[in-house]
Amino acid sequence: MTITLEELVSLCKRRGIIFPSSEIYGGFAGFFDYGPVGVEIRKNLLDWWWDFFVRQRDDVLGLYPAIIMNPRVWIASGHVERFIDWIVECKNCHGLYRADELLEEKGIKITDYSPEALSKLIKEHNVRCPSCGGELSEPRKFNLMMETYIGPIKDETSIAYLRPETAQAMFVNFKLYVTYARNRLPFGIAAFGKVFRNEISPRGFIFRCREFEIAEIEYFIDPERANDCPYFHEVDKIIVKIWTKETQKKGEEPKEMSIGDAYNDGVFSNMWHAYWVGKSLEWFSQIGISLEHLRVREHLETELAHYALQTFDIEYYFPFMGWKEIEGIANRTDYDLKHHMKFSKEKLYVPLSGRKVIPHCIEPSWGVERTFFAVITEAYTKTSDGRVFLKLHPKLAPYIAGVYPLLSREPFITKAREVHKLLKKKFTCYLDVSGSIGRRYARADEIGVSFGITIDHQTLEDDTVTIRFRDTREQIRVKISDLVKTIEELIEKWE
RNA sequence: GCGCGGGUGGUCGAGGGGUAAGAUGCCGGCCUGCCAAGCCGGUGACGCGGGUUCGAAUCCCGCCCCGCGCACCA
């Protein structure tokens, strides 16, 4: 049965997954708090990401960078120029427009982007509101980067920015990481953490937040060996819907093809770019998101970021809002390193034998909330008889096991406590004594608890318990002494 | 940010100038030999601020928040 956004939002709040922040004060648009269940799932998701992309590889190094950096970083990166716009407001209809865009649309050349100059040009050319023809206000500062003040004096010179991405920290620390990676290429840096963007209108539950978590890799390659990826065989057979900019412009549907074929057709900017798209799909598939519900969409020229040569979004099909981006994979070329070389005067290259190489950079960038949202949406299952469960992989589940006395009385409760004590050393689990056994199973199913461990009459006779499977409701009986081992095997063998 | 529609216990949801339904959840008790059973008891709400009025959850104004469309979304 199809899921609605209302059902999911309600479940997330009711069961402590994720909900609007500051609710007793009416909430605060674009900010969310993870509850007791959500905080576990989120941690599992990030741990899995880290394991897959850092620990299981020998070419990606971790970084956990500061949120606030020297403001010059954001000047060098182009974010100050690109993120701070001068906006004019129509005095009649109150529509907001970027001053530079209005002028450029009229073919007016801008040489000075200061507010005074923009204002002068608007008046000289009598530029008016494009929708109602009304008079326009003076340009006002509109900043998509959040600002704060560092030090005791609050003035223009003490402004610092809350990062809108973690990527810059990886470029800024590049020199150190070349050393840590011992002067080789390719290598990558991985980081995750909170980022902040002053979105005009946060919407779609946790889809567009003002504070959110990002997980990114900057993968540095030798531009002379951009089509030499030794791992490509790991991903080239993956088949997915790919929507190139050409097919989008022709109004055609995305084409299902393998990553290998798409690469051979020249879809990707280079082989490493294709590889990282494939590797991302492999991870999504492992965490339980069906490739059927994913597609790879290339950015049109008009939507490319200022640093990007080519970008692919990995989009997930949310039943209640359609295809939406959950990850972007950009080829940032040497844009960032070159800009930081220019602004910092540092030499940012990798010394290879006989060559000083400024690498190009492939950047997979995941929205953690968006991925979390997709995982929950994908896991949400409603049977025809109204039973609801989250079909989460045990590695993502908030709890591996719930422990239940069949009847809410002694001696079952004491026995259940013993089993709980045994399990909680090894797995996330909890004891639930309250309500009928069916009610406790239902409560657990709704938050995706993998297994139900039930203490029944037979337990008291022979020290066996039943393990109930969330998705099928089937049960097997095992000895308490084998319980830990059995659960470990079940997790290990999970498809 | 603009326009439209909304905001009632944790969740869902009736009502709409004078005592705030119902359902569900949750807690306690009884019962219970496996999938939200039953019985008894309990818990808990009109987004915030101002105005009109003898009296406002209800009418008016402002704000906040949510949804939809537009705009925005490196």
Side-chain angles (χ1 to χ4, degrees), chain A residues 4-7 9-16 19-31 35 74 77-85 87-90 92-98 101 129-132 140 142 144-145 164-165 167-168 197-205 207-210 299 302-308 311 313 320-321 324-325 328 330 332 335-336 363 365 367 383 385-389 404-409 412 434-446 452-460 465-466 468-470 472-475 477:
Chain A
T4 65
L5 182 58
E6 290 73 24
E7 274 176 270
V9 170
S10 168
L11 174 74
C12 283
K13 184 168 181 191
R14 203 158 38 81
R15 300 309 314 274
F19 39 80
S21 179
S22 322
E23 276 213 307
I24 67 167
Y25 291 102
F28 205 40
F31 298 89
W74 305 107
S77 70
H79 283 80
V80 168
E81 190 185 324
R82 292 290 307 224
F83 257 53
I84 297 177
D85 297 321
I87 294 281
V88 288
E89 181 179 358
C90 171
N92 179 44
C93 73
H94 301 289
L96 293 177
Y97 308 94
R98 271 176 56 177
E101 281 187 354
C129 172
S131 70
C132 79
R140 291 201 311 240
F142 186 85
L144 257 57
M145 277 199 292
E165 61 172 29
Q168 293 310 318
R197 300 181 190 185
N198 250 331
E199 298 287 354
I200 293 171
S201 58
R203 273 207 196 163
F205 191 37
F207 187 78
R208 187 181 299 147
C209 305
R210 289 186 166 131
H299 277 203
T302 49
E303 48 182 333
L304 278 177
H306 61 280
Y307 50 70
T311 299
D313 283 347
F320 36 79
M321 54 183 196
K324 294 281 187 182
E325 176 198 358
R332 292 179 83 130
Y335 178 94
D336 299 275
E363 177 199 70
S365 175
T383 61
D385 57 344
R387 189 170 84 93
V388 169
F389 61 101
Y404 319 113
L406 179 63
L407 301 177
S408 316
R409 59 172 164 81
F412 301 97
S434 152
S436 70
I437 189 67
R439 182 176 297 271
R440 284 173 274 156
Y441 289 149
R443 282 202 280 248
D445 289 346
E446 221 177 21
I453 311 301
T454 307
I455 281 71
D456 61 8
H457 290 80
Q458 195 177 328
T459 309
L460 305 174
V465 294
T466 59
R468 170 190 179 270
F469 299 93
R470 173 196 64 210
T472 61
R473 303 198 291 179
E474 285 166 2
Q475 287 178 305
R477 185 170 285 277

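This is a predicted model, so every value here is computed, not measured. In what follows, chains are A, B, ... by sequence order, proteins preceding strands, each numbered from 1.
On the C1' atoms, B:G13 is 10 Å away from B:U24, given to the nearest whole Å. A gap of 23 Å separates the P atoms of B:C66 and B:C59, to the nearest Å.
The ring pair (Phe, Tyr, Trp, His ring centres under 6.0 Å) search around A:Tyr307 returns none, not counting sequence neighbours. The side chain to side chain donor-acceptor pair (under 3.5 Å) test applied to A:Thr466 returns A:Gln475, not counting sequence neighbours. For A:Asp445, the salt bridge (charged side-chain N to carboxylate O under 4.0 Å, His left out) criterion is met by A:Arg387, A:Arg468, not counting sequence neighbours. Residues that satisfy the side chain to side chain contact (heavy atoms under 4.5 Å, CB included) test with A:Ala444, not counting sequence neighbours, are A:Tyr404, A:Tyr430, A:Val449. A search for side chain to side chain contact (heavy atoms under 4.5 Å, CB included) contacts involving A:Phe19 returns A:Lys13, A:Asp33, not counting sequence neighbours. A:Arg439 meets the salt bridge (charged side-chain N to carboxylate O under 4.0 Å, His left out) test with no other residue; sequence neighbours excluded. Annotation: side chain to side chain donor-acceptor pair (under 3.5 Å) contacts of A:Glu7 (sequence neighbours excluded): A:Thr4, A:Tyr380, A:Lys382. Partners of A:Thr311 by side chain to side chain donor-acceptor pair (under 3.5 Å), not counting sequence neighbours: none found. The side chain to side chain contact (heavy atoms under 4.5 Å, CB included) test applied to A:Pro202 returns A:Ala29, A:Arg210, not counting sequence neighbours.
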Check nucleotides 26-31 of chain B for protein N or O atoms closer than 3.5 Å to its own N or O atoms and list the pairs.
from  : atom 1 : to       : atom 2 : distance (Å)
B:C26 : OP1    : A:Arg443 : NH1    : 2.3
B:C26 : OP2    : A:Arg439 : NH1    : 2.9
B:C27 : OP2    : A:Ser434 : OG     : 3.2

Write out a two-atom table: protein N or O, nucleotide N or O from nucleotides 39-49 of chain B, distance below 3.5 Å.
none

Nucleotide-level pairing of RNA chain B, given in dot-bracket where Watson-Crick and G-U pairs need both distances under 3.5 Å and | marks other strands: (((((((..(((.....[...)))((((((.......))))))...(((((..]....))))))))))))....
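Atoms NZ (A:Lys13) and C1' (B:G25) sit 14 Å apart, rounded to a whole Å. At whole-Å resolution of the value, CD in A:Glu6 and P in B:G67 are 9 Å apart. As a whole-Å value, the separation of A:Glu446 CD from B:U24 P is 15 Å. Look at CZ on A:Arg208: it is 14 Å from C1' on B:G67, rounded to the nearest Å. Atom P of nucleotide B:C12 and atom CZ of A:Arg14 are separated by 8 Å, given to the nearest angstrom.
Side chains of A:Asp456 and A:Thr454: no donor on one and acceptor on the other come within 3.5 Å.
Using a 4.0 Å cut-off, some side-chain N or O of A:Ser436 falls inside it from OP1 or OP2 of B:A37.
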